Structure formats: structure tokens, C-alpha cells
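From a predicted model like this one, the values you see are computed outputs, not experimental measurements. Just so we're on the same page: letters track the sequence lines, and every chain starts at 1.
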Number of protein chains: 2
Amino acid sequence: MNIGEASRASGVSSKMIRYYEATGLIPPAGRSGSGYRTYGPKEVQTLRFIRRARDLGFPMEKVSDLLALWHDRSRASADVKHLAEAQVAALEARIVEMQTMQATLRHLVHACAGDDRPDCPILSDLGGIRTASPAP
Amino acid sequence: MNIGEASRASGVSSKMIRYYEATGLIPPAGRSGSGYRTYGPKEVQTLRFIRRARDLGFPMEKVSDLLALWHDRSRASADVKHLAEAQVAALEARIVEMQTMQATLRHLVHACAGDDRPDCPILSDLGGIRTASPAP
DNA sequence: CCTTGACCTTCCCATCATGGGAAGCCCCAT
DNA sequence: ATGGGGCTTCCCATGATGGGAAGGTCAAGG
């Protein structure tokens with residue numbers, strides 16, 4: 001099967017498949033007589049694996065680690081679990097960071113009249129004027 | 001004051017100050033006789049404004065909008081509020097997305113023994129083998 | 001006066017993962 | 001044989017940031 005079909009079957013764009021090959025994440029695909037990349041079910045499964053890992057937020061480097069473990073039949077499941085736990089923690093850190101931003105913003109939004117007058121605590125705060133801060 | 005001092009006073013790196021100028025987010029700074037950029041308290045305040053907006057997760061484009069509103073004395077606070085509310089919603093969307101990933105991962109982590117045996121539902125799932133899915 | 005070190009300038013490159021597009025070759029059906 | 005769609009490689013762009021090189025400038029101290 002050609003790259004387009006592999007793309008449709010795996011949910012990974014042709015561009016990305018070539019990119020993964022160029023960066024060494026996946027081995028070079030076989031080539032037809034005329035230079036077209038060819039893929040079989042095994043390669044498609046690998047691409048799907050990558051796609052799912054990406055969907056779970058793993059960065060490429062960790063996807064590479066997961067792929068290596070996947071291919072290593074003598075792996076310890078603990079190693080896989082550690083990678084996954086680290087990713088849970090990484091997601092948690094980013095979630096907390098964004099929730100903090102969101103809470104601050106909600107506070108400011110709440111304090112803003114939102115009418116046709118120009119006075120706005122949101123801008124005042126961004127401008128450095130501390131209008132109302134929680135007492136320490 | 002030179003760019004380094006303005007950087008220290010605003011919390012924006014010199015690199016970024018030049019970048020903001022190059023992209024038109026801020027007007028070109030004044031120049032000393034020898035070509036050094038010069039900044040006053042007003043410019044530093046603007047830089048701090050930008051930094052705070054970035055800290056709240058606003059993309060550069062929205063920061064630009066906020067700056068324009070900040071400088072517009074006849075603005076309606078409703079316009080500012082809308083921008084802030086949109087940012088709250090954008091953050092919410094990303095938070096939910098990451099929480100979804102996290103929940104899936106936690107589920108998989110929970111199902112993985114994490115010992116020295118190779119069997120691992122995490123890899124099985126990524127590989128496309130549906131081991132246990134919640135009944136619909 | 002000259003050196004030294006800290007600072008400034010511009011310009012180019014890298015990140016991370018992805019998409020867009022051009023130029024040119026290939027395959028299949030009409 | 002012709003047309004349309006698919007494939008190839010190569011270059012460029014994103015968004016926001018940092019790194020670094022090559023060269024000019026400033027202030028302090030010898």
C-alpha cells in the first residue's frame with residue numbers, strides 16, 4: 001500500500017509519516033520500483049501506535065521510548081508504567097498552570113462591569129495597578 | 001535606560017523586547033546617539049503589561065488587542081471583558097482536553113502491573129488491542 | 001591614553017510538530 | 001495519448017523563545 005492509503009488507515013498524515021521516517025522515529029519504508037514508499041499492516045499498526053501515543057500527549061521523544069519498549073519483548077511493564085505516570089504528572093503540571101491562569105482571569109472578569117464605560121479592572125491589573133489583592 | 005535595564009525592570013528578556021518591536025507589537029524604541037535602544041518608565045510599564053497578559057495565557061494577537069484597548073481611553077469595558085472571557089473559555093477547552101488525556105492514561109496506568117513482567121495493557125492499548133472498554 | 005569587561009547592535013539558526021506549496025515524475029483509466 | 005490524481009523531494013511558515021557569532025560602544029581603572 002502507498003503512503004496515502006497508509007495515512008488513511010492510520011490517521012497519520014502523509015507529511016507526518018515522511019517526517020517520522022526522516023527523524024528516525026520509524027525505519028525507512030520499503031520502496032516500489034518507481035520510488036514510492038510501500039507499507040504493510042505492520043507499519044500501519046506502528047503508525048497507529050504513534051498516533052494514539054500522541055493523542056495522549058506524549059512528546060515525540062517519549063513516543064520513541066514507548067515504541068522501543070513495544071518492540072522489546074523482554075521489557076518490564078514497570079518501565080512502561082513509569083513513562084505513563086510521568087506523562088500523567090506532566091499533564092497535571094500543565095493543567096494546574098492553566099487552572100491558575102484561569103482562576104486569576106475569572107477573578108478579573110468578575111470584577112469588570114462589562115458595560116460601555118471605559119473603567120476596567122482587567123486592564124488596570126495588567127497595567128500594574130493593584131486594585132484589590134487578597135490580604136496575606 | 002538601556003534595553004538590559006528595561007528587561008530587568010519589566011521581566012521581559014531583551015530578545016523578546018526586540019522581537020516585540022520587530023513584529024510591531026510595540027512601537028520602535030528611541031535610540032541613543034550610538035544606536036542603543038532607550039526606554040522610559042512608560043515603555044517599561046507597557047512591557048510589564050505584555051508580560052502579565054502572556055502570564056495569563058493570552059496569545060500575542062490577543063495581547064495586541066488588549067494593548068490597543070489599554071491605549072484607547074474611549075473603550076468599552078465590555079470589549080475587554082469579552083476578550084478575557086474568551087481566554088477563560090480557551091483555557092477551559094485546553095484544560096478539558098488534557099484532563100481527558102490524563103483520565104485515559106490514569107486508567108491504563110491503573111491496569112498495568114508495573115512489575116518485571118512484559119505484559120502491559122498500556123502498550124496493548126497503544127498497539128490497538130482493546131482490552132477493556134467501558135460498555136456503552 | 002589604552003585596555004578590559006560588560007553591554008549593545010544585527011543576523012542567522014534551533015526548537016516542536018505540523019501544514020502549505022512548487023516542480024517534477026508516475027500510474028491508471030479513458 | 002491524455003488527464004487527473006498520487007507520489008517524490010525541497011523549501012518555507014507557524015509561535016514564542018533562546019543561543020550564539022561578529023562587531024560597535026561605554027565606563028572604569030591602569
Side-chain angles (χ1 to χ4, degrees), chain A residues 1-26 28-40 43-44 46-67 87 90-91 94 97-98 101, chain B residues 1-26 28-40 43-44 46-67 87 90-91 94 97-98 101:
Chain A
M1 116 181 58
N2 286 341
I3 199 172
E5 202 177 344
S7 170
R8 264 163 267 136
S10 65
V12 179
S13 73
S14 304
K15 282 274 189 189
M16 280 302 99
I17 297 176
R18 294 194 196 98
Y19 172 76
Y20 293 158
E21 181 182 318
T23 57
L25 182 70
I26 56 178
R31 298 284 181 140
S32 74
S34 58
Y36 284 18
R37 286 175 180 81
T38 57
Y39 300 87
E43 283 74 30
V44 168
T46 299
L47 289 171
R48 251 194 299 240
F49 181 102
I50 295 170
R51 179 150 187 352
R52 294 215 175 97
R54 297 282 307 132
D55 285 349
L56 290 177
F58 285 97
M60 296 299 302
E61 193 197 342
K62 303 297 177 182
V63 174
S64 184
D65 295 344
L66 287 168
L67 271 176
Q87 175 60 11
L91 285 170
R94 292 171 56 198
E97 192 184 354
M98 289 196 291
M101 294 178 185
Chain B
M1 107 182 65
N2 285 341
I3 199 172
E5 203 177 343
S7 170
R8 263 162 266 136
S10 65
V12 179
S13 74
S14 304
K15 282 275 190 187
M16 279 302 99
I17 297 176
R18 294 193 196 99
Y19 173 75
Y20 293 157
E21 182 182 318
T23 58
L25 181 69
I26 56 179
R31 296 286 182 140
S32 75
S34 58
Y36 284 18
R37 286 176 181 81
T38 58
Y39 299 88
E43 284 74 31
V44 168
T46 299
L47 290 170
R48 251 195 298 240
F49 182 102
I50 295 170
R51 178 143 182 4
R52 292 214 177 98
R54 296 282 306 130
D55 285 348
L56 290 177
F58 285 96
M60 297 298 302
E61 193 198 342
K62 303 297 177 183
V63 174
S64 184
D65 295 345
L66 287 168
L67 271 176
Q87 175 60 12
L91 286 169
R94 292 171 57 199
E97 192 185 356
M98 288 196 292
M101 295 178 184

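Between dC8(C) and Arg37(B), no contact under 4.0 Å exists linking OP1 or OP2 to a side-chain N or O.
Between Leu47(B) and Ser10(B), the shortest heavy-atom distance links the atoms CB-CB, 3.5 Å. Across Asn2(A) and Tyr36(A), no two heavy atoms sit closer than the pair ND2-CD2, 3.8 Å. What you find for Ser14(A) and Ser7(A) is that their closest heavy atoms are N-OG, 3.6 Å. What you find for Met101(B) and Asp55(A) is that their closest heavy atoms are CG-O, 3.4 Å.
Checking side-chain atoms of Arg48(A) against main-chain N and O of Ala9(A) turns up a donor-acceptor pair under 3.5 Å. Thr38(B) places no side-chain N or O within 3.5 Å of a backbone atom of Met1(B) that could act as its donor or acceptor partner. The backbone N or O of Gly11(A) sits less than 3.5 Å from a side-chain atom of Arg51(A), completing a donor-acceptor pair. A donor-acceptor contact shorter than 3.5 Å is absent between the side chain of Glu43(B) and the backbone of Ala29(B).
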Where along nucleotides 24-30 of chain C does protein come under 4.0 Å, by heavy atom, of base (B) or sugar-phosphate alone (S), with - for untouched nucleotides?
--BS---

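Contact footprint of chain A on DNA chain D: nucleotides with an atom under 4.0 Å from a non-hydrogen protein atom, first to last in 5' to 3' order, dG6(D) to dC10(D).
For the salt bridge (Lys or Arg N to Asp or Glu O under 4.0 Å) condition, no pair includes a residue of residues 56-66 of chain B, sequence neighbours left out.
For the pair Arg54(A) CZ and dG19(C) P, the computed distance is 11 Å after rounding to whole Å.
Remark: Ser13(A), Lys15(A), Met16(A), Tyr19(A) in residues 6-19 of chain A come within less than 4.0 Å of DNA chain C through at least one heavy atom.
Once rounded to the nearest 0.5 Å, the distance linking CD1 of Ile17(A) with CD1 of Ile26(A) reads 7.0 Å. To the nearest 0.5 Å, the span separating CD1 on Ile50(B) from CG on Leu67(B) amounts to 5.0 Å.
Stem regions for DNA chain D, each three or more consecutive Watson-Crick or G-U pairs with both distances under 3.5 Å and listed by first number, read C:1-30 with D:1-30.
A search for salt bridge (charged side-chain N to carboxylate O under 4.0 Å, His left out) contacts involving Arg54(A) returns nothing, not counting sequence neighbours.
Contact check for Leu25(A) versus Met60(A): side-chain heavy atoms found under the 4.5 Å cut-off.
Comparing Tyr39(B) and Phe58(A) against DNA chain C, the residue whose closest nucleotide sits nearer the 5' end is Tyr39(B).
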